[in-house]
Amino acid sequence: MKTPVVIVGGGPAGLLLSQRLHLQGIASVVLERQARAHVLARIRAGVLEWGSVQVLRNSDIGERMDREGHIHDGTDIVWSNRHRLTLNTRRHAGRPMMAYGQTNITEDLYAARDALGGQVIDEAQNVALHDIDGASPFVTYAKDGKTHRIDCAFIAGCDGFHGVSRQAIPAAKRREYEKVYPFGWLGILSETPPLPELIYANSERGFALCSMRNPMLSRYYIQCQLETNLDDWPDHRFWAELKARYPREVAEAVVTGPSIEKSIAPLRSFVCEPMAHGRLFLAGDAAHIVPPTGAKGLNLAISDVFYLSRALTAHFKQGNDAYLSSYSDMALRRVWGAARFSWWLTGLLHRFPDQKAFDLRAQEQELSYLSASEAYMKAVCEQYAGLPFEG
Ligand code: APR
Ligand code: PHB
């Protein structure tokens, strides 16, 4: 088999890339290791920057998002059980945010790929990348007991943090930056109406977040120890702990009910440089991970794909490789912007095991200063709302 672009990984990054290339008349094949049902069942983040909303719209997958997504002006932060501030991105950065779950986006992408006859091969095992340094790379994989080979001009590595693509860049040419955090997030999904806005809490019991998916689906998180066992967290304990981290008026407004999903996610920051080698280009979690605070992971995957689809389109349609040559540097500038911001917001809102009285006061002071200073608020909001894409 032969195709212009092989895309490894059928998560949001890989599917969106194949969709955007298709709309430009460029064919691709997506190779996904898991079964489609597995990919569609994953519960992930749910807040889109406005730049992401525009990319999804102009990729012809914005219809359900525009119908069901919740446009909001920003997010609140409460701390010390009494103070409250609002990150109003519409006011301070000129653009709102959109609450719309990644699970829905993945469904929308699969539906769009199917409607256009896109080729997504699921349960592709042992995917291996070959000759990425040469002019004729190819990818092999196993399916139905046979080994298959696809020749291509380019390979897009969209196979997430645990994928194989990043490892195909020779170790000597790769630099990885990593930070792990001494806690995780215990999250639940419940079929209950969410609060009208997203509210982060920095409480003495740790971080918490009230978020939403749709009018009858809510997402809640509490900071937890890494060794937490889900069996120790029946719903009633989760709700009591969540409420204990909020001021009374917020706690009383939370509508509880049975959880339909419960999981623990560790927090990690990770960036791989460069994001390209030879004819391999990485996008999304394959190249970087941010802690979930600020919900930047999916937004970065979308901006990487925006840059990469533009670069491949310029190559195939105009014979112009300038964007391909600058892809890694350009994508990394935005990645580091979000990596720094997610790390900073994580530090501002969580309780760390080694935190001293001084550190706590400094954290409180930063939140007070953020509510008092228009200049600081503007700087935070323009990052929370998402940095602009480069031309
Ligand atoms: N071969 C083929 N597919 C693979 C392989 C492999 N060796 N390894 C992983 N995959 C698949 C995974 O099964 C998954 O479906 O690649 C896909 C990667 O998808 P994601 O992990 O969702 O990553 P990405 O598409 O970059 O999406 C960005 O945004 O909110 C964040 O972390 C969140 O998933 C999210 C991400
Ligand atoms: C979510 O709804 O999953 C979410 C929202 C905001 C965040 C992180 C996660 O900062």
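Side chains included, hydrogens not; waters and symmetry mates left out as well; all remaining heavy atoms used. Note that the structure is predicted; figures quoted are calculated from it, not measured. Counting starts at 1 for both ligands and their atoms, in listed order.
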Ligand-residue contact atoms, ligand 2 with [X], heavy atoms, under 4.0 Å:
| X | answer |
| --- | --- |
| Ala45 | 3 (O) |
| Gly294 | 7 (C), 10 (O) |
| Leu209 | 4 (C), 5 (C), 6 (C), 7 (C), 8 (C), 9 (C) |
| Val47 | 5 (C), 6 (C) |

By number and element, which atoms of ligand 1 are closer than 4.0 Å to a non-hydrogen atom of [X]?
| X | result |
| --- | --- |
| Gln34 | 13 (O) |
| Cys158 | 16 (O), 17 (C), 18 (C) |
| Leu298 | 29 (O), 30 (O), 31 (C) |
| Gly11 | 15 (O), 17 (C), 19 (O), 25 (O) |
| Leu31 | 2 (C), 3 (N) |

| field | Ile169 backbone acceptor or donor facing Arg174 side chain under 3.5 Å | value | yes
| Side-chain donor or acceptor of Arg268 paired with backbone N/O of Val290 under 3.5 Å |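 Not at all, since once roles are kept as given, no pair shorter than 3.5 Å links the two residues.
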| query | Applying a 4.0 Å heavy-atom criterion (strictly less than), which segment of Pro292 is in contact with ligand 2: side chain, backbone, both, or neither? | reply | backbone
| task | Give a yes/no verdict on a cation-pi contact between Arg237 and Trp233, requiring under 6.0 Å between NZ or CZ and the six-membered ring centre and an angle within 45° of the axis. | result |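 Flagged: Arg237 positioned over aromatic ring of Trp233.
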| message | So for ligand 2, is Tyr221 a polar contact partner (N or O within less than 3.5 Å, distance only)? | response | yes
| remark: Note: Ile155 and Pro137 closest approach over all heavy atoms is CD1-CB, 4.0 Å
| task | For atom 14 (C) of ligand 1, grab the closest protein heavy atom and report residue, atom and distance to one decimal in Å. | result |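 Result for atom 14 (C) of ligand 1: Arg42 NH2, 3.2 Å.
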| query | Which heavy atom of the protein is the closest neighbour of atom 20 (P) of ligand 1, given with residue, atom name and distance? | reply | Arg44 NH1, 3.8 Å
| message | Give me each pair satisfying salt bridge (Lys or Arg N to Asp or Glu O under 4.0 Å) with a member in residues 30-44, each pair once, sequence neighbours excluded. | response | Arg36-Asp114
